[in-house]
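Here's the structure we're looking at; comments come further down.
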There are 2 protein chains.
Amino acid sequence: MHGSATSSSRSFDAFARLPRQHRAAFEKLARRHLRELAPRRDLTREGDRPSAIRLILDGWACRYKQLPDGRRQIVHILLPGDFCDACHFVAERIDHSVGAITRLAYAEIPAAEIETLITQGSELLRTFWRNEMIEAAIAREWTANVGQRTAYERLAHLFCETFLRLAAIGLAEDASCEWPLTQNDLADATGLTAVHVNRTLQELRREGLIELRGRRLALPDPARLRQVAEFSPLYLHLPAETQHLLAFR
Amino acid sequence: MHGSATSSSRSFDAFARLPRQHRAAFEKLARRHLRELAPRRDLTREGDRPSAIRLILDGWACRYKQLPDGRRQIVHILLPGDFCDACHFVAERIDHSVGAITRLAYAEIPAAEIETLITQGSELLRTFWRNEMIEAAIAREWTANVGQRTAYERLAHLFCETFLRLAAIGLAEDASCEWPLTQNDLADATGLTAVHVNRTLQELRREGLIELRGRRLALPDPARLRQVAEFSPLYLHLPAETQHLLAFR
DNA sequence: CGTACGTTTGACGTCCTTCAAGTTGGGTGG
DNA sequence: CCACCCAACTTGAAGGACGTCAAACGTACG
């Protein structure tokens with residue numbers, strides 16, 4: 001049972017990262033612009049003109065780039081509470097696609113409404129800027145991940161990052177979380193083939209670093225996983241109070 | 001002769017990307033805060049607290065991430081006119097390092113001075129946001145580059161991107177430009193070894209796609225290079241009037 | 001209950017790495 | 001002006017991580 005559109009949305013606040021004075025207004029707007037999307041459908045296609053700001057309320061999505069010859073690279077995983085096209089005011093065209101991994105619930109807030117909020121103070125602009133900064137930071141880490149680490153380390157790193165991000169928004173209990181990504185998705189995210197991902201996952205299992213079946217991931221030994229991955233969470237720029245989660249600090 | 005601190009700074013305007021109403025003020029500030037740095041020195045180290053906004057006036061630098069065991073990944077190349085720590089207001093700690101490739105001339109503008117400018121209008125905030133968005137876009141493209149392309153395509157792509165960025169700021173003539181990166185740097189930027197970079201460069205030369213010696217790069221057949229690299233410049237978000245440069249549109 | 005999708009396995013090939021040894025060339029000092 | 005030096009570049013041989021191809025197996029869902 002992956003994140004159905006309603007099951008997990010109770011446990012966290014998708015608006016928590018917005019400036020305090022805009023939260024209520026934003027939530028009200030969101031309620032008027034709710035949308036849903038089936039798994040494996042595209043939210044955004046490369047070349048689209050941004051026309052609204054979308055906030056993911058429930059489910060997983062991914063940013064990906066597709067080369068002309070079909071090779072696909074997932075470059076970011078979007079989780080509940082993430083903005084998905086916050087570049088409305090600063091880009092003419094979107095340079096990548098966004099695809100739903102699970103069933104998705106999101107709010108699609110028209111540009112004009114955001115514009116109004118922005119005129120009331122620069123906090124929102126800073127929030128979007130900060131969002132963009134964090135995405136850039138994660139993208140840089142992914143470049144390093146794919147460029148420098150072995151398959152084994154690469155997968156370990158992806159598990160660390162995603163698990164910690166989930167934990168930070170309250171979507172992980174004890175040491176386990178949902179895991180809707182297929183081995184194909186993992187391959188596209190790590191620059192490997194599905195076959196090699198499969199063999200490497202088996203190795204991670206054999207070493208007692210992950211348990212993974214039935215769309216669910218557990219991390220029996222987070223400290224060692226983190227060490228294997230050479231994972232350091234600084235680049236996620238998580239709020240201080242979430243830094244202590246599990247062995248991840 | 002790479003970009004010495006003064007040689008090439010005449011030909012372009014480092015402040016061109018700033019909002020019109022702030023350009024003059026910015027330039028004045030910059031003149032009061034000029035700095036230089038020797039090649040191969042670090043401008044910023046991972047973990048630093050951002051304390052000023054730096055604008056590169058002349059020379060090349062790079063953002064890079066270093067794993068605990070020494071492996072290094074260059075994740076972005078910084079050229080004249082680029083901001084180097086525009087994250088002052090949105091990050092507690094910097095999550096990567098910035099190193100000078102050539103001798104560097106830059107302006108280091110204290111945070112407080114920027115803060116003053118920002119209170120005069122939201123244009124500057126949007127500019128920084130847009131900057132961050134473009135860096136994120138480039139970082140995503142690099143992830144795809146390292147994750148999906150072969151060594152041959154990867155290097156071709158890096159040449160396309162960097163050449164076009166240089167051309168867009170007037171630092172490329174006919175079809176050639178400075179090229180201060182060593183084969184070691186290229187290796188760190190592409191996730192390859194220096195040995196394999198060397199062999200792959202020879203192949204690119206043999207195919208008539210690049211000429212590279214004495215810190216200078218020429219692209220005899222940009223259209224074919226672009227095709228080999230599957231390069232599409234959308235993600236650079238260059239102003240429309242630069243899109244036509246050479247065969248790159 | 002069948003079908004489609006995801007996962008697993010095996011054999012084999014290759015792109016890229018590793019290691020180790022030259023060679024070239026720009027810069028510096030005698 | 002030549003000798004020297006060091007970094008950058010080049011070359012070869014051998015090995016390994018990961019890719020490709022093809023088939024079989026498991027499992028969720030209509």
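The basis for the numbers below is simple: all heavy atoms, side chains too, and nothing from hydrogens, waters or symmetry mates. Lettering of chains follows the sequences in order, A, B, ..., and the numbering in each one begins at 1.
- Of the side-chain N and O atoms in A/Q202, one or more sit less than 4.0 angstrom from OP1 or OP2 of C/dT9.
- The only member of B/R71, B/Q73, B/Q66, B/K65 that meets side-chain hydrogen bond (donor to acceptor under 3.5 Å, both in side chains) when paired with A/Q148 is B/Q73.
- Of all nucleotides listed (C/dT8, D/dT10, D/dC18), D/dT10 comes nearest to the side chain of B/Q183.
- Between B/L212 atom CG and D/dC9 atom P the separation is 8 Å, expressed in whole Å.
- Among the atoms of the strands shown, none is found under 4.0 Å from any heavy atom of A/T200.
- Computed from coordinates, the B/L201 CG to C/dC16 C1' distance equals 15 Å when rounded to whole Å.
- The interatomic distance linking A/N184 (CG) with C/dT8 (P) rounds to 12 Å, in whole Å.
- The side chain of B/R215 contributes no N or O atom lying less than 4.0 Å from OP1 or OP2 of D/dA7.
- Nucleotide D/dC9 holds its P atom 12 Å from the CD1 atom of B/I210, rounded to whole Å.
- A/R71 comes within 4.0 angstrom of nothing in the nucleic acid, heavy atoms only.
- Salt bridge B/E108/B/R31: absent, no basic N to carboxylate O contact under 4.0 Å.
- Distance, A/L155 CG to D/dC18 P: 10 Å, rounded to whole Å.
- Computed from coordinates, the B/E203 CD to C/dC15 C1' distance equals 11 Å when rounded to whole Å.
- In this structure, CZ of A/R149 is placed 17 Å from P of C/dT17, rounded to the nearest angstrom.
- A/R215 CZ to A/C177 SG: the interatomic distance, rounded to the nearest 0.5 Å, is 12.5 Å.
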Between the protein and nucleotides 20-30 of chain D, which nitrogen or oxygen pairs come in under 3.5 angstrom?
| from | atom 1 | to | atom 2 | distance (Å) |
| --- | --- | --- | --- | --- |
| D/dT20 | O4 | A/R199 | NH2 | 3.3 |

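- Atom-to-atom, CD of B/Q148 to C1' of D/dG19 comes out at 12 Å; the value is rounded to the nearest Å.
- Between A/R216 and the options A/E211, A/E178, A/E173, a salt bridge (Lys or Arg N to Asp or Glu O under 4.0 Å) holds for only A/E173.
- Atom CD of B/E135 is separated from atom CZ of A/R140 by 6.0 Å, given to the nearest 0.5 angstrom.
- Note on A/R213: every side-chain N or O is 4.0 Å or more away from OP1 and OP2 of C/dT8.
- Among the protein residues, A/A194 comes within range of no part of the nucleic acid, since none of its heavy atoms lies under 4.0 Å from any strand.
- Side-chain atoms of A/R54 and A/T44 form a donor-acceptor pair, as typed in the model, at a separation below 3.5 Å.
- In this structure, a donor-acceptor pair under 3.5 Å is present between the side chains of A/E141 and A/H157.
- Closest to the side chain of A/N198, out of C/dT7, D/dC18, D/dC9, is C/dT7.
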